[in-house]
Number of protein chains: 2
Amino acid sequence: MAEDGPLKMADVARLAKVSMSTVSRALADNPLIPEDRRREIQRIAAEAGYVINQSARSLRMRKTQTIGVVFPLGHDVGQLISDPFFIEMFGRLADEITTRGYQVLLCRVTDTSEGWLNRIIQSHRQDGLVIVGQSDQHEALNQAAGSYHPLVVWGGHLNGQTYCSVGTDNIGGARRAVDHLLGLGRKRIAFLGMLELPEISLRYEGYVRALRAAGIEQDPALVIPAHFSFETAYEAARELIESGTEFDAIFATSDIIALAAIQALAAAGMDVPGQVSVVGFDDIAIAAQSTPPLTSVQQDLAKGAKTIVDLLFKRMAGEDAPSATLLPKLVVRKSCGGTSAG
Amino acid sequence: MAEDGPLKMADVARLAKVSMSTVSRALADNPLIPEDRRREIQRIAAEAGYVINQSARSLRMRKTQTIGVVFPLGHDVGQLISDPFFIEMFGRLADEITTRGYQVLLCRVTDTSEGWLNRIIQSHRQDGLVIVGQSDQHEALNQAAGSYHPLVVWGGHLNGQTYCSVGTDNIGGARRAVDHLLGLGRKRIAFLGMLELPEISLRYEGYVRALRAAGIEQDPALVIPAHFSFETAYEAARELIESGTEFDAIFATSDIIALAAIQALAAAGMDVPGQVSVVGFDDIAIAAQSTPPLTSVQQDLAKGAKTIVDLLFKRMAGEDAPSATLLPKLVVRKSCGGTSAG
DNA sequence: CTTGCTTTTGCAATCGATTGCGGTAGCGTT
DNA sequence: AACGCTACCGCAATCGATTGCAAAAGCAAG
């Protein structure tokens with residue numbers, strides 16, 4: 001009834017007039033304790049407002065019922081986890097994880113000095129890890145995966161990769177987007193994104209392949225480094241416009257970059273899709289709502305998150321789950337002209 | 001060097017040829033150990049890839065270096081934390097918390113049965129709690145606050161509230177928004193939101209006061225229940241439109257609701273802001289990007305999050321921090337016609 | 001070589017649960 | 001009544017760190 005002092009299992013044992021062992025087993029629904037007694041003890045514990053101390057439990061059981069979700073920000077100094085894509089991914093992951101009765105621990109990594117991943121792993125704060133985005137930490141991930149199994153990465157599938165990853169077919173997605181632009185008669189297609197990031201570099205590969213297949217020579221002046229934040233992307237687009245380089249389409253490697261580019265174009269008095277077609281990547285919620293609505297390569301995050309967590313739990317159970325690739329879908333809207341469905 | 005077996009403090013002690021006590025103190029930078037020896041032990045530990053087991057540490061120290069962030073979803077069956085407002089708040093809170101060297105544990109509460117908050121508190125998984133949104137749990141919060149101090153709530157300031165809360169002046173914000181609409185000559189202003197939620201009910205209070213001050217009689221037919229999700233809000237707006245009730249403005253209690261309303265109006269062939277002025281609440285990032293750009297009551301989330309965490313840490317230190325109220329700002333854009341700054 | 005003081009060090013208890021294993025109670029047979 | 005068998009129960013060790021307290025070591029002065 002009264003619940004001022006945080007009461008321990010021993011207190012419940014006293015109340016129920018049994019030993020701690022029995023209480024522990026009863027609360028764990030261990031059939032070693034007869035059913036009616038189990039219920040009785042559970043009732044007493046609940047009534048007393050008793051809750052198992054998770055720190056003690058974690059120590060003894062060597063598991064925490066917690067999954068760590070890590071956002072390596074090594075490549076970007078901006079601290080805030082603000083990108084809508086990451087945010088949505090996080091929400092979906094959280095859903096999948098909590099549904100399975102686990103807690104979600106957010107690990108925002110800013111200090112990617114030697115051994116950062118090992119420090120997280122060895123802290124034993126979580127039973128498994130999801131790493132969202134490889135950032136520039138491919139090597140560190142490869143190394144950690146050698147000895148730590150319950151780890152799944154969202155990102156591109158790279159050469160010589162030993163860790164388990166889930167991600168969209170970046171090359172294929174990009175290829176499809178650029179093919180679509182080419183199909184509309186566009187020939188001078190700018191590429192906006194940070195080639196240093198593995199996923200982006202794969203998208204670049206798709207871009208190059210599409211151009212090559214169409215027999216179009218690629219122009220380095222059309223490849224523009226652009227970070228993920230709206231402001232920096234806007235700046236990058238503005239510079240492209242002011243450089244005087246001719247272009248009639250933009251393949252942006254994220255929707256945020258695409259939206260920033262559209263705004264920059266509008267500010268420069270250029271019509272989208274009249275003069276310039278724009279395609280984004282991710283198909284975040286705003287994409288459909290923007291003006292004009294954005295054509296984008298859709299990543300199925302719901303499925304992605306589910307796959308990640310499925311694989312993670314398999315690995316936590318000792319099974320050896322392989323990487324998975326999701327198929328992207330081009331969602332055609334007004335931002336690139338034309339009207340065919342993709 | 002080799003780091004296959006998860007090594008413990010005892011192992012490091014052996015390596016450094018000292019006792020565990022000394023290692024523990026050295027790693028904690030305890031001045032009881034001479035500086036040079038401290039450094040030496042730290043070096044040895046780091047080289048061996050040793051990391052303190054947090055479960056054990058938490059148990060012994062009775063603190064976890066973790067803050068729980070709770071989203072009570074009692075009022076809404078939709079599981080996903082998808083509302084951009086909550087998402088942004090979460091990101092900012094995470095920033096503030098990690099900056100202070102604490103971890104963030106996400107608690108998505110779906111089971112708000114008797115004692116849910118107590119179960120979280122007594123689990124001892126965290127050293128402090130941030131509750132984002134009161135949902136319909138005012139009573140539970142009030143009760144918990146009696147015995148549990150390190151707890152801060154984002155939400156409205158209610159009568160008879162004993163817990164510490166941080167929130168925007170909802171009444172004032174709503175008042176300003178509606179006054180603005182009235183100033184534009186609008187007289188039939190619809191209110192879209194869930195009155196069951198404390199914050200929304202405060203905004204309703206502001207709405208009522210504004211109307212009363214302007215000598216306009218309020219019409220119950222103009223008060224429409226609308227959830228936070230885009231789809232349900234769209235539906236609510238559509239029903240308002242189809243009901244035939246006359247109206248020339250909408251005060252939406254969130255930007256998502258406002259955006260949904262604008263789409264519904266557009267679908268019905270009604271011009272915004274020509275026929276109907278729309279004002280939202282929160283001023284989320286998309287608000288400025290929508291068509292037409294949305295007038296909205298801005299909540300300063302960066303400041304809000306900082307205030308919440310500041311207060312929480314004060315409370316964790318045993319001080320008694322009082323509730324705080326933030327001043328909202330009306331950001332005027334095209335969605336309500338007119339051009340004056342608010 | 002003592003003595004007295006300061007600086008370091010380590011023993012052992014502790015945090016609050018879980019669980020292997022040995023012991024007891026209860027019941028049915030002979 | 002004695003025995004055997006199951007079904008329950010609880011003792012005590014354990015998880016891996018932290019820390020009060022006492023002991024040891026170092027050092028200077030007498």
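Quick note on labels: first sequence line is chain A, next is B, and so on, each numbered from 1. What you see is a predicted model; the values in this text were computed from it and never measured.
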Here the distance between atom C1' of D:dG10 and atom NZ of A:Lys17, to the nearest Å, is 17 Å

Tell me, yes or no, whether the heavy-atom count around B:Arg119 atom CZ, taken from other residues, nucleotides or ligands under 6.0 Å, exceeds 12. yes

*asked:* Are B:Phe313 and B:Tyr102 an aromatic pair, judged by ring center distance below 6.0 Å?
replied: yes

**OP:** Using atom types as modelled and distance alone, determine if a side-chain donor or acceptor of A:Asn142 lies under 3.5 Å from a backbone N or O of A:Thr162.
**Re:** yes

So for B:Ser58 and C:dC15, does any side-chain atom that can act as donor or acceptor lie under 3.5 Å from a complementary atom in the base? no

Taken to the nearest whole Å, CG/B:Asp29 to C1'/D:dT18 is 15 Å

Testing C:dT19, C:dG10, D:dC9 for proximity to the side chain of A:Met61, the answer is C:dT19

| query | Is there a donor and acceptor pair, one atom on the side chain of B:Ser21 and one on the base of C:dT9, closer than 3.5 Å? | reply | no

Report task. Would you indicate, yes or no, if D:dT19 has its OP1 or OP2 atom less than 4.0 angstrom from a side-chain nitrogen or oxygen of B:Arg25? Result -> no

A:Arg37 atom CZ is separated from D:dG10 atom P, nearest whole Å, by 7 Å

Whole-Å distance, A:Asn30 CG to C:dT19 P, equals 9 Å

Rounded to whole Å, CZ of A:Arg38 lies from P of D:dA7 at a distance of 14 Å

Quick one: is A:Thr22 getting a side-chain N or O under 4.0 Å of the D:dG10 phosphate, OP1 or OP2? yes

Checking the side chain of A:Thr64 only, and the main-chain atoms of A:Ser58 only, is there a donor and an acceptor separated by less than 3.5 Å? no

From the candidates D:dT18, C:dA17, C:dT9, the one with an atom nearest any side-chain atom of B:Met9 is D:dT18

From the candidates D:dC11, D:dG16, C:dA12, the one with an atom nearest any side-chain atom of B:Arg60 is D:dG16

Closest of C:dC11, D:dA17, C:dA17 to the A:Ala56 side chain is C:dA17

Practice item. Please work out if B:Arg57 contacts a base, only the sugar-phosphate, or nothing of the nucleic acid, heavy-atom cut-off 4.0 Å. Key: sugar-phosphate

Of the listed D:dC15, D:dC9, C:dC15, the closest approach to the A:Leu59 side chain comes from D:dC15

Looking only at D:dT18, C:dT18, D:dC9, the nucleotide nearest the A:Ile52 side chain is C:dT18

Which of D:dC9, C:dG16, D:dT18 is nearest the side chain of A:Pro34? It is D:dC9

Discussion item. Looking at B:Tyr50, I'd like to know whether one of its side-chain N or O atoms comes within less than 4.0 Å of OP1 or OP2 on D:dG16.
Written reply: no

Check: Parallel under 30°, tilted from 30 to 60°, perpendicular over 60°: which one fits the rings of B:Phe71 and B:Phe86?
Finding: perpendicular

For C:dT14, does OP1 or OP2 lie under 4.0 Å from any side-chain N or O of B:Arg62? no

**Asked** When you measure from the side chain of A:Gln134 to the backbone N and O of A:Trp154, does any donor-acceptor pair fall under 3.5 Å?
**Response** no

Here the distance between atom P of D:dG16 and atom CG of B:Asp11, to the nearest Å, is 10 Å

Do any side-chain nitrogens or oxygens of B:Ser19 fall under 4.0 Å of OP1 or OP2 in C:dG10?
yes

Is it the case that the side chain of B:Gln126 and the backbone of B:Ile120 share a donor-acceptor pair, with hydrogens and angles ignored and the cut-off at 3.5 Å? yes

Show the distances under 3.5 angstrom between N or O atoms of the protein and N or O atoms of nucleotides 4-6 of chain C.
none

note: A:Met20, atom CE; D:dG10, atom P; distance rounded to Å ~ 12 Å

* To do: Before accepting this row, confirm whether a basic side-chain N of the pair A:Glu88/A:Arg92 lies closer than 4.0 Å to the acidic partner's carboxylate O.
  => yes

Between NZ of B:Lys63 and P of D:dT18 the distance, given in whole Å, is 11 Å

